Trainee: 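The structure is given below, and queries will be raised subsequently.
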Protein chains: 2
Amino acid sequence: MKNPIADLNKIFDSRIRLGVMSMLVVNDEIGFNDLKQMLELTDGNLASHLNTLEQAEFIKVHKGFIGRKTSTTYSITELGKQAFKAHLDALEKMIKKL
Amino acid sequence: MKNPIADLNKIFDSRIRLGVMSMLVVNDEIGFNDLKQMLELTDGNLASHLNTLEQAEFIKVHKGFIGRKTSTTYSITELGKQAFKAHLDALEKMIKKL
DNA sequence: AAAAGTGCTTTGTTTTTCAAAGTTAAATAA
DNA sequence: TTATTTAACTTTGAAAAACAAAGCACTTTT
């Protein structure tokens with residue numbers, strides 16, 4: 001038998017980062033404020049988790065405008081998709097015995 | 001839309017506690033040392049996570065003997081089963097859109 | 001001009017995690 | 001019988017992570 005948790009990605013141990021990724025898998029682009037409201041987070045908390053995901057190159061930032069208002073949105077990268085899928089696969093392997 | 005991570009159980013944010021539970025769901029009883037080896041943990045680390053799960057009444061301890069050697073084993077409680085299942089359901093809801 | 005929104009960064013506290021060492025008690029080896 | 005080992009912890013302390021709150025730069029709305 002092998003260690004069932006070894007294949008889980010440390011980055012996704014955080015429920016918040018897990019939530020961000022799960023939202024970005026199904027939405028091509030999501031704004032900072034939408035994430036903030038959906039996940040019920042403070043600005044700083046969200047920003048730092050987004051930063052972690054960005055450092056890992058699991059998400060990408062897009063700074064743009066809606067009209068003349070700044071608007072920052074985020075999207076998942078290919079690497080992010082792969083890593084997230086691998087994590088879910090590892091999770092499934094742990095629990096599929098049910 | 002509602003917060004997708006709100007229904008995740010904080011206790012299962014930890015990969016280690018998640019691993020313990022996933023093992024206890026499929027095995028009626030597991031020994032301290034078996035858990036330790038499977039999850040590759042130090043005594044103290046495992047003991048403290050087991051303690052957290054016990055405080056929550058998600059697992060139960062059985063102190064016994066193998067021959068005349070002490071042997072501590074752990075099993076999942078009904079409450080533990082329910083909580084774990086609820087957590088997995090919440091996880092699934094987050095990601096089933098895939 | 002004042003107030004408010006966006007998207008951060010910085011600061012500092014609290015919480016969590018973890019390894020290492022110490023502990024107790026029994027078992028076995030010397 | 002003394003020493004060592006194993007099991008299963010507890011305690012200690014340090015490092016890492018999470019988080020809220022405040023500050024900031026910029027722009028828009030009032």
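The chains referred to below are lettered A, B, ... by the order of the sequence lines, with proteins before strands, and numbering in each begins at 1. Note that the structure is a prediction, hence the values are computed from the model and not measured.
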Trainee: Please name the pair of heavy atoms, one in A83(A) and one in N9(A), separated by the smallest distance, quoted to 0.1 Å.
Mentor: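 For A83(A) and N9(A), the tightest heavy-atom pair comes out as CB-ND2, 4.1 Å.
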Trainee: dC18(C) phosphate, OP1 or OP2: any side-chain N/O from H49(B) under 4.0 angstrom?
Mentor: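 For dC18(C), OP1/OP2 do have a side-chain N/O of H49(B) under 4.0 Å.
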Trainee: OP1, OP2 of dA18(D) versus side-chain N and O of R17(A): anything below 4.0 Å?
Mentor: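 Yes, because at least one side-chain N or O of R17(A) sits under 4.0 Å from OP1 or OP2 of dA18(D).
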Trainee: Using a cut-off of strictly less than 4.0 Å, decide whether N33(B) has a side-chain nitrogen or oxygen near OP1 or OP2 of dA8(D).
Mentor: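 Checking dA8(D) against N33(B), a side-chain N or O does come within under 4.0 Å of OP1 or OP2.
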Trainee: Closer than 4.0 angstrom, basic N to acidic O: yes or no for D7(B) and R15(A)?
Mentor: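 So D7(B) does not pair with R15(A) through a salt bridge.
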Trainee: Under the ring-ring contact (aromatic ring centres under 6.0 Å, His included) definition, can you give me all pairs with a residue in residues 7-53 of chain A, not counting sequence neighbours?
Mentor: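 Qualifying pairs, neighbours excluded: F12(A)-F58(A), F12(A)-F84(A), F12(A)-H87(A).
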Trainee: Side-chain N or O of T72(B) versus OP1/OP2 of dA8(D): is the shortest distance under 4.0 Å?
Mentor: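 It does, given that an N or O in the side chain of T72(B) lies less than 4.0 Å from OP1 or OP2 of dA8(D).
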Trainee: By the 4.0 Å heavy-atom rule, please label I16(B) as base, sugar-phosphate, or nothing.
Mentor: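 Result for I16(B) = sugar-phosphate.
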Trainee: Starting at the 5' end of DNA chain C, which residue's closest nucleotide do you reach first, K10(A) or G31(A)?
Mentor: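 Checking each residue's closest nucleotide, the 5'-ward one belongs to G31(A).
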Trainee: Please give, in whole Å, the distance from dT6(D) P to Q37(B) CD?
Mentor: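 Rounded to whole Å, this separation is 12 Å.
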Trainee: Taking OP1 and OP2 of dA8(D), is either one under 4.0 Å from a side-chain nitrogen or oxygen of Y74(B)?
Mentor: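 It does not, given that no N or O in the side chain of Y74(B) lies less than 4.0 Å from OP1 or OP2 of dA8(D).
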Trainee: Please state whether the phosphate of dA18(D), meaning OP1 or OP2, lies under 4.0 angstrom from any side-chain nitrogen or oxygen of N45(A).
Mentor: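 So the side-chain polar atoms of N45(A) never come under 4.0 Å of the phosphate oxygens OP1 or OP2 of dA18(D).
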Trainee: Hey, which of these two, D43(A) or D13(B), hits DNA chain C nearer its 5' end, going by closest nucleotide?
Mentor: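 First, find each residue's nearest nucleotide; the 5'-ward one identifies D43(A).
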Trainee: Salt-bridge test for D89(A) and K93(A): reply yes if a basic N is under 4.0 Å from a carboxylate O, no otherwise.
Mentor: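 K93(A) and D89(A): not salt-bridged.
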Trainee: Under 4.0 Å between a side-chain N/O of K63(B) and OP1 or OP2 of dC9(D), yes or no?
Mentor: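 True: K63(B) side-chain N/O within range (under 4.0 Å) of dC9(D) OP1/OP2.
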Trainee: Could you check how far CG of L50(A) sits from C1' of dC19(D), rounded to whole Å?
Mentor: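 To the nearest whole Å, that distance equals 14 Å.
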